[in-house]
Amino acid sequence: MALIDHFFARAVKRGELTVIHHDGSARSFGAADPDIPPVTIRFTRPSVARRILTDPALGAAEGWMDGGIVIERGDILALLHLVTANNKWEDATGNLNPGAFKRSFDNVRFRLDRINMARRSKRNVAHHYDLSDRLYDLFLDADRQYSMAYFTDPSNTLEQAQLDKKAHIAAKLALAPGMKVIDIGCGWGGMALYLHEKTGAEVLGITLSEEQLKVARRRADAAGVADKVRFELIDYRHVTGQFDRIVSVGMFEHVGTAHYRTFFRKCRELMTDDGVMLLHTIGRAGAPGVTDAFTAKYIFPGGYIPALSEILRAHEGLRFFLTDVEVLRLHYAYTLQAWYDRVVAARDQVVALYDDRFYRMWTYYLAGSLVSFRNGGLVNYQLQYSRSRTALPITRDYMARAEAKLRG
């Protein structure tokens, strides 16, 4: 039996995986499971098996991207679901854990990658967020919310769930007329514009993406609110002034562990005495880890998903009240499913924008992210902070009331 066959025999117990080797021989692994659709893959060259054995995630990704892996039954999402369903985070089977040497190598590499000084941060952001506007229009909602949607019902549309996400976050900010808000990592401006529309707050959105900045400013001009909702190309470390509220959605993943304390110290400095902050980030359900090689190389260079313990350590000693924590488990899986389906439906347009290799890379990224929330150890955290123990009501009831009003 080839080494790759030993690998699959150990990794796949549930669901049927059929592997057709480059020489035409075929092996099947696992057993039929009603919750896991069967998948058949074919290796078009012998090097693919070696690359998978060396680094399963990166080897499979690059094999798929380069045409070394052809999926003859199912699709890339079905393949990744089958593999990860056999290694669910809560089951702690560890079948696919890398060896000690590779773990040590990855730890060193990712410590270096996570040192996000200001110049590198801007370059890393541009790598992902300065892609063609047309690409994001193909799979995001009309407001271009590129973060977890909030599904009050799993059957809701992506558009409804993203609107509900903004209401969910706004409710936790406990906004009042006349307040000044800073949106750190404002994306294309949707959250900032929403907060002003719903509450009348003056909002400053900051980003390191020149393309996002252009769109956000254009939207504010079109809405006639450019004097109340401003957008700037600036690193959070260089912002000055005082704000009643801080919101940051999907930006903390790019801060870098070496700068977590800098981030929280700066946020505390920017807040008024009665200031409140809502931090929304993807997080690890377990202990600190490393960014997988595929994501670091192709998708988010310098990015890292924090464990809750890393976030908590970063603000200890800063006299900063952590006033609320919410763990959102499956909402991003639903969001990513919608994004994946839209990209697959728009395959021809994506290929026309870039090429087939990019399309394969993008679908691997979305599918891999999806199964990380469905079967892996990723969740979303929403953490609320305040400088004052009396700035917010002493129960959470106000959140539900404000959210219902915003949604109504």
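Numbers for residues simply follow the sequence, beginning at 1.
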request  = Determine the minimum heavy-atom distance between L82 and P37, stating which atoms define it.
outcome  = CD1-O, 3.9 Å
query = Is R329 atom CZ crowded by more than 12 heavy atoms from other residues, nucleotides or ligands, each under 6.0 Å away?
reply = no
query = Under 3.5 Å, side chain of N86 to main-chain N/O of K13, donor-acceptor pair present?
reply = yes
request  = Considering only NZ, NE, NH1 and NH2 on the basic side and carboxylate oxygens on the acidic side, decide whether R357 and D355 come within less than 4.0 Å.
outcome  = no
query = Any donor-acceptor pair under 3.5 Å linking the side chain of K266 with the backbone of V239?
reply = yes
key: G67 to T44 - nearest heavy-atom pair and separation   = O-OG1, 3.0 Å
request  = Kindly say whether G377 contributes a backbone atom to a donor-acceptor pair with the side chain of R284 at under 3.5 angstrom?
outcome  = no
request  = Report yes or no: does S25 contribute a side-chain atom to a donor-acceptor pair with the main-chain N or O of H21 at less than 3.5 Å?
outcome  = no
key: Close side-chain approach of Y340 to T363, heavy-atom, < 4.5 Å   = yes
inquiry  = For L213, is there any backbone N or O sitting under 3.5 Å from a side-chain donor or acceptor partner on T207?
reply    = no
task = Classify the ring geometry between F358 and W362 as parallel (under 30°), tilted (30 to 60°) or perpendicular (over 60°).
result = parallel
ask   = To the nearest 0.5 Å, what is the distance between NE2 (H22) and CZ (R42)?
value = 12.5 Å
task = Working to the nearest 0.5 Å, report the span between CD1 of I69 and CH2 of W64.
result = 9.0 Å
ask   = Among all residues two or more places apart in sequence or in another chain, which pass the salt bridge (Lys or Arg N to Asp or Glu O under 4.0 Å) test with R374?
value = none
note = Quick note, salt bridge (Lys or Arg N to Asp or Glu O under 4.0 Å) partners involving residues 190-199, not counting sequence neighbours, are none
remark   = CG of L278 to OG of S248, rounded to nearest 0.5 Å, is 9.5 Å
message = Between R360 and D356 (salt bridge meaning N to carboxylate O under 4.0 Å), is one present in this structure?
response = yes
message = Applying side chain to side chain contact (heavy atoms under 4.5 Å, CB included) to F373 and T335, what does each step give before you reach the verdict?
response = CA-CA 10 Å; F373 286 92; T335 307; over 6 Å; no
inquiry  = Is any side-chain heavy atom of Y236 closer than 4.5 Å to one of M251?
reply    = yes
message = For H331 and Y150, I'd like to know if the aromatic rings sit close, meaning centre-to-centre distance below 6.0 Å.
response = yes
key: D35 to H81 - nearest heavy-atom pair and separation   = O-NE2, 3.5 Å
message = Using 0.5 Å steps for rounding, measure from the CD atom of E62 to the OG atom of S47.
response = 10.5 Å
ask   = Between Q160 and T157, is there a donor-acceptor pair closer than 3.5 Å when you use the side chain of the first and the backbone of the second?
value = no
key: Test log, rule side chain to side chain contact (heavy atoms under 4.5 Å, CB included), inputs W188 and L193   = CA-CA 10 Å; W188 291 278; L193 291 164; over 6 Å; no
query = Can you name the closest pair of heavy atoms from R51 and D66 and give their distance?
reply = NH2-OD2, 3.6 Å
task = Over 60° means perpendicular and under 30° means parallel, so classify the ring planes of F29 and F8, tilted if in between.
result = tilted
task = Please examine the side chains of D244 and D274, heavy atoms only from C-beta on, and report whether any two atoms are closer than 4.5 Å.
result = no
task = Specify the closest pair of heavy atoms between F231 and A220, including all atoms of both residues, with the distance to one decimal.
result = CE1-CB, 3.9 Å
query = Would you call K165-D143 a salt bridge at under 4.0 Å N-O?
reply = no
pair D221-R218: side-chain heavy atoms closer than 4.5 Å = no
inquiry  = Under 4.0 Å between a side-chain nitrogen and a carboxylate oxygen: does that hold for E202 and K180?
reply    = no
task = May I ask you to check whether Q145 and Y194 show a side-chain donor-acceptor distance below 3.5 Å?
result = no
remark   = Only one of Y304, Y381, F263 passes ring pair (Phe, Tyr, Trp, His ring centres under 6.0 Å) with F252, and that residue is F263
message = Any non-hydrogen side-chain atom of I184 less than 4.5 Å from a side-chain atom of C267?
response = yes
note = Heavy-atom nearest pair, A285 first then V379, reads CB-CG1, 4.2 Å
request  = Look at the side chain of E310 and the backbone N and O of P288, then say whether any donor-acceptor pair between them is shorter than 3.5 Å.
outcome  = no
key: Distance (rounded to the nearest 0.5 Å) between S147 OG and N380 CG   = 8.0 Å
inquiry  = Any heavy-atom pair between the side chains of L79 and L17 that's under 4.5 Å?
reply    = yes
key: Donor-acceptor contact below 3.5 Å, side chain R268 vs main chain L318   = yes
key: Given Q384, E326, E403, the one that forms side-chain hydrogen bond (donor to acceptor under 3.5 Å, both in side chains) with K172   = E326
query = Counting only N and O atoms by type, is there a donor-acceptor contact under 3.5 Å from the side chain of R144 to the main-chain atoms of Y136?
reply = no
message = In the structure I gave you, are the side-chain heavy atoms of K214 and D133 within less than 4.5 Å of one another anywhere?
response = no
inquiry  = Quick check for you: to the nearest 0.5 Å, what is the distance between R347 atom CZ and L138 atom CG?
reply    = 13.5 Å
query = Is there side-chain contact between R219 and V229, with heavy atoms separated by less than 4.5 Å?
reply = no
request  = Using only heavy-atom distances, determine whether the side chains of Q242 and T272 contain a donor-acceptor pair under 3.5 Å.
outcome  = no
message = Run I246 and L270 through side chain to side chain contact (heavy atoms under 4.5 Å, CB included) and show every step you take.
response = CA-CA 8 Å; I246 297 175; L270 292 171; 4.2 Å; yes
ask   = Cation over ring, R313 on Y260, under 6.0 Å and within 45°?
value = no
inquiry  = Between L173 and L195, does the side chain to side chain contact (heavy atoms under 4.5 Å, CB included) criterion hold? Intermediate values first, please.
reply    = CA-CA 10 Å; L173 287 170; L195 293 178; 4.1 Å; yes
Side-chain (R245) to main-chain (M179) donor-acceptor, under 3.5 angstrom = no
ask   = Can you say whether the rings of Y385 and F320 are parallel (under 30°), tilted (30 to 60°) or perpendicular (over 60°)?
value = parallel
